[in-house]
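Each remark here refers to the structure printed beneath this line.
Just so it is clear, the model here is predicted, and its values are computed rather than measured. Values below: every heavy atom of this structure, side chains too, minus hydrogens, waters and symmetry copies. Atoms within each ligand, like the ligands themselves, are counted from 1 in listed order.
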Amino acid sequence: LVAKRRDDYRPSDFFIDTVDISFILSPENTEVCNIMEVTRNISGCDILKLDGEQLNFVSLMINGRLAKENIDYTLHENGLDINLDVDHATLEIKNTISPINNTSLEGLYYVSGAYCTQCEAEGFRKITYFLDRPDVLSKYRVTIICDRPELTYLLSNGNKLEDTLLEDGRRKVVWEDPHRKPAYLFALVAGHFDRLEDSFTTSEGREVLLEVFVDSGRLHQAGHAMSSLKKAMKWDEDTFGLAYDLDRYMIVAVDFFNMGAMENKGLNVFNSKFVLAEPKSATDEDYFNIESIIAHEYFHNWTGNRVTCRDWFQLSLKEGLTVFRDQRFSEDMSSALGCRIKQVKVMREHQFAEDAGPMSHPIRPDEVLEMNNFYTVTVYDKGAEVIRMLHTLLTPAGFRRGMDLYFARHDGQAVTCDDFVQAMEDANDANLSQFKLWYSQSGTPEVKLALEQNQLRLTQTNKPTPDQAVKQALYIPIKLSMLDEKGLEHTVDEEHLGTFVLSQEAATISLPERLQHGVPVILTDFSAPVKIDYQYTLDEILHVLRFAQSHYAKWDASQMLYSRLIRLAYDSNEDNDNDNNSDNNNDNNKYNAGQIQSLTNLIEYLEQATLPDDVVAQILCIPSFETLAIEYTQLNPSRLQSAHQELTLLLARTAKDCCERRLKEQRVLPYRYEQSEVNRRTLFAVCIRLHVLALSQEGKGNDLLSAYAQADNMTDKLALLKAAQQADINAFDALMIDFEEEFGHDAVVMDKWFALHATAPRDDILSRLDLLQAHSQYSVKNPNKVRALIGSFAFYNTQGFHAADGSGYKYVVDFLMKLDAINPQVASRIITPLLQMNRYESTYKSLIESQLSRLFTQKNLSKDLFEKLSKTLA
Ligand code: B3K
Ligand code: ZN
C-alpha cells in the first residue's frame, strides 16, 4: 500500500472525450458496455492505463477489432493496461458487476429493490474500466435496459432522449448530459418511487423541471426539500449571479447511503434523512439540515461541477467553498447568529480534535492513501473558515469580484486551490501569498493575548503536528475590541475597522489610557479558526457577557465561564482522587462562593436583559464533553465527565426559577417551521432539560409523560425525551416504548430512537446495544442505523464508551472488525473517537491501544482503516 502525494501530480497521458455506456441491469449480474473515444494527450505514451476494481472483464475492442490478452492488453487487480500507440481510438469494453453483493455502497449497488450509484471519489472504477480521475472530463450518453417493469424510474444525468418498451418486454431509457464532467459525477438510479414535480424559471429565462423522488407513500414528506431547492436556486442567482444550466434537476432519496448526499450532475442522490420531513416526524434541526444540504448539493453545480478539482488533493476547492456558500445561504434563510454558533461548535468539537490527532492534515492534504478518508471536518469546515476569512479580508464585494473572475477563467476546467486564490488576488489586486499558508499548514494556531500596561500583546503559536514538524506564522484576522470599565466598547486596531491582522509571530497594539484597565473582547464571530488564550478573571468574563455589543461575544463569554468552572471542578476532583477522599462528593464543595456567584450573576443577567430566545438558549448550554476534551492533555475522561455533570447540576439549580418562568411563558402554537418558533422551541428544549434535572435533584418528578403526549411535533417530543434521558430514567423508558409504538414503522424516525438508546447513561448499556442490534429495524448494512446506534455510542456516550474496564472500547472494536468487511467507509468514520488515544491518561490510552492493535492485525483490513490505524499506532 503506497500513499499518493500531491507533488506527484502529472497530467493524464490520455483523455476520454465521449462515453457511450449501456447497462443491462440485473442484481446479480449487470452487463456494462462502455464505448469511449480516447485521445492521446502526452505524445510518446503508448499504454493507456485504465482503473478498474472488482470488475469481471468480458472483452475489449479497439477500433472495431477484438483485442487479445497479453498482446493488446493486460489485466491486473487494479485495472486494465491497453497498448495504444495512436492519437485517437475507439474502445469498446464489456464487463459485468454484481450490484447485490456490493455492500460497500460505492460504485453501483442494489439494495431494497433499487439500484443506486455513488462514484465520488473513486467509485466509477467499480462500474467500468476508466481514467477515474477528476481532470478527465467527458461527455456521457447512458443507456439503461431493465426487464423489471415495477422499476418505474430509470434515471441518469442530463436530458432524457428516449424511453421505449422493447419488443421483448424490456424497457430502455437513454440519457445524455451535454456538459463534460469527471466520472465521479456520473449517476444512475433505477427504482420505484413517488415523484414530486415543480418548476423554476431561471434569471436567464430557462424553464427547469424540478423532481424529487421518494419511496412510495412518502410524497407528503417531500415538500420541504422542494421548497428548499427553489430557495437555493434563487439565492445563488441573487448572491453570486449563478443560474442553473440544464432543463431538469432531479433529487432521489434513498435509505442506504454512505453520507449525506451527492451532487451528481442533474441527478443528486440523497440520504432520505436529508429529504423527508413533516412536523410529526422531523425536528427543527432536521428541517434546517435538509434546507442546507439541498442547497449545498445545488451550489456544487457551479463550485464543483462546472469548475471541478484537478486532483483529489484539491478537494477543499469545491468542498470548503461550497460549505461556505451553504453557510451564507442558511445565515440568510434563518438566524445568522444561530448558524454561526453551530458552525463554531463543529470546529471546536470536531475539527480541533482532528487537527490535534494522528490524522491532522492541511485543508489541502499532501499525502493520501484512501481518498474517502479525506472528506473531513478539516477539508470541509476548516476549508469553509479559510474561505470566510477571504470574504472578511476582501469584503463581500471583493469576494464576489474574485468569484466572477474565477468562473470567467475556469468554467469547464479542472483546477487547483492556487487557481482559486489567484483569481481572488487578481480581482482585488491583493497579495495573498502569506494567507495561502492556510492551505498548506495543518494544526490549530493558538493566539495568546496579554494586557500589558499600555498595550495589548498578541502572540501566535503553531505547534508541530504528526504530519509537519515545522510551522510558519499565519495571516490571522482577529476581530477585537476593548470594553472600558463602564462597559463602553472601543475598537483598538490601527484602522479601527474592528479586525486586527496578526501576521507575525507577535505584535502589539497600543492602548489609550482609558482602556488600560479594560477587558478585551476577542475573536468575535470566530473571525479565524484559532484557539484563544487570555487569562480572564471570572468577573471579566461576566463584564464581556454584560457589555459586549455582539451576541456572539456574549455567548462565547458564557462558554468561557463554563469551561473555566469545569476546569476548576476537574482539578479539584484530581486532588480528591489523589487524597482518596471519597466522602467529598458534594459538587458545591468543588466551588468557592465567588465561583458559585459567577453563575448566579450570569443567570441574573439573563433575567434582566432582553435577549432573543435563541441567544438565551445558547447561553444556557454548557460546552459539550468533546469540546472541552480538546483543552486537556493526559485527559481522564471519566473525571471530565463528572466535572461536566457537576456543573450541569449546579447550573440547573441556579437557573431553576429562570427556566420555570420561561417555561410558563411559552405560548405553544401549532407547529410551523419559522424562525421565531424555532427559537422558542430551542429555548423550551434547554429549559425543560435543566428544569427536569433541577427537580430530580430535589427528588421530585415532572410530568413529562403528559407533556410528551400533548406535543404535536418531533422537536418538542425529542426535547422531552432528552430531558428524561438525562434526569428521569423511568420516564425515559416509558416514553421510549411509546415512541417505538408510534414510529416503529418509520426507518428515518427510528434512527432518533436508536441514538437516544445508545447515548443513555446506564450501566447495562452494552447488553442494550446487543439487543438493539437484534431489533427488526436495525441492519449492519445500513449506514444510518450503524451511525445512529454504534456511532452515537462511540461519539457521545462518554460514560459507556470510556468505561474504566475498557469494555466500551472493546465493544466498538469488535463491531468494527465485522463492519470493515461490509462497509469500510462507514467503519472508518466510526473509529474516529478511538484515534484520540494519545490525548488520554495512560490507563485509558493503553486500553485503547491494545484494542486498536488487535484491530490492526485483522486479516483483509481495508485501506481506509489501515491508513488511520497505522498513523495512530505509529
Ligand atoms: N461530494 C459528496 C461527498 C462524497 C464523499 C465521498 N466519500 C457530498 C458533498 O460534499 O456534497
Ligand atoms: Zn460538498
| query | Taking only residues two or more places apart in sequence, or in another chain, which ones meet Ser779 in a side chain to side chain contact (heavy atoms under 4.5 Å, CB included)? | reply |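 Only Lys781, Asn782 meet the side chain to side chain contact (heavy atoms under 4.5 Å, CB included) criterion with Ser779.
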| message | Test of understanding: with side chain to side chain contact (heavy atoms under 4.5 Å, CB included), list the residues that count as partners of Lys4, not counting sequence neighbours. | response |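 With sequence neighbours excluded, Lys4 shows a side chain to side chain contact (heavy atoms under 4.5 Å, CB included) to Glu122, Phe313, given in chain and number order.
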| field | Name of the His300 atom (N/O/S only) found closest to the Zn ion (ligand 2) | value |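 Minimum-distance N/O/S atom of His300 relative to the Zn ion (ligand 2) is NE2.
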| In Glu319, the N, O or S atom nearest to the Zn ion (ligand 2) is which? |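 Considering only N, O and S atoms, Glu319 comes nearest to the Zn ion (ligand 2) through OE1.
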| task | Just jot down the side chain to side chain donor-acceptor pair (under 3.5 Å) partners of Tyr380, sequence neighbours excluded, or say none. | result |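 Only Glu319 meet the side chain to side chain donor-acceptor pair (under 3.5 Å) criterion with Tyr380.
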| task | Hey, can you tell me if Phe754 and Tyr778 have their rings parallel, tilted or perpendicular (30° and 60° cut-offs)? | result |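 Ring orientation of Phe754 relative to Tyr778: perpendicular.
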| task | Could you tell me if the ring centre of Tyr184 sits under 6.0 Å from that of Trp312? | result |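 Yes, the ring of Tyr184 comes within the 6.0 Å limit of the ring of Trp312, centre to centre.
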| field | Distance, nearest 0.5 Å, that separates OG1 of Thr376 from CD of Glu354 | value |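 Reported to 0.5 Å precision, the distance equals 4.5 Å.
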| field | Atom-level proximity to ligand 1, residues with heavy atom under 4.0 Å | value |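 Heavy-atom contacts below 4.0 Å: Glu120, Met259, Ala261, Met262, Glu263, His296, Glu297, His300, Lys318, Glu319, Asn372, Tyr375, Tyr380, Gln825.
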| request: Give me the one residue out of Thr322, Asp245, Asp236 that meets side chain to side chain donor-acceptor pair (under 3.5 Å) with Asn301. | output: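 Among Thr322, Asp245, Asp236, the one meeting side chain to side chain donor-acceptor pair (under 3.5 Å) with Asn301 is Asp245.
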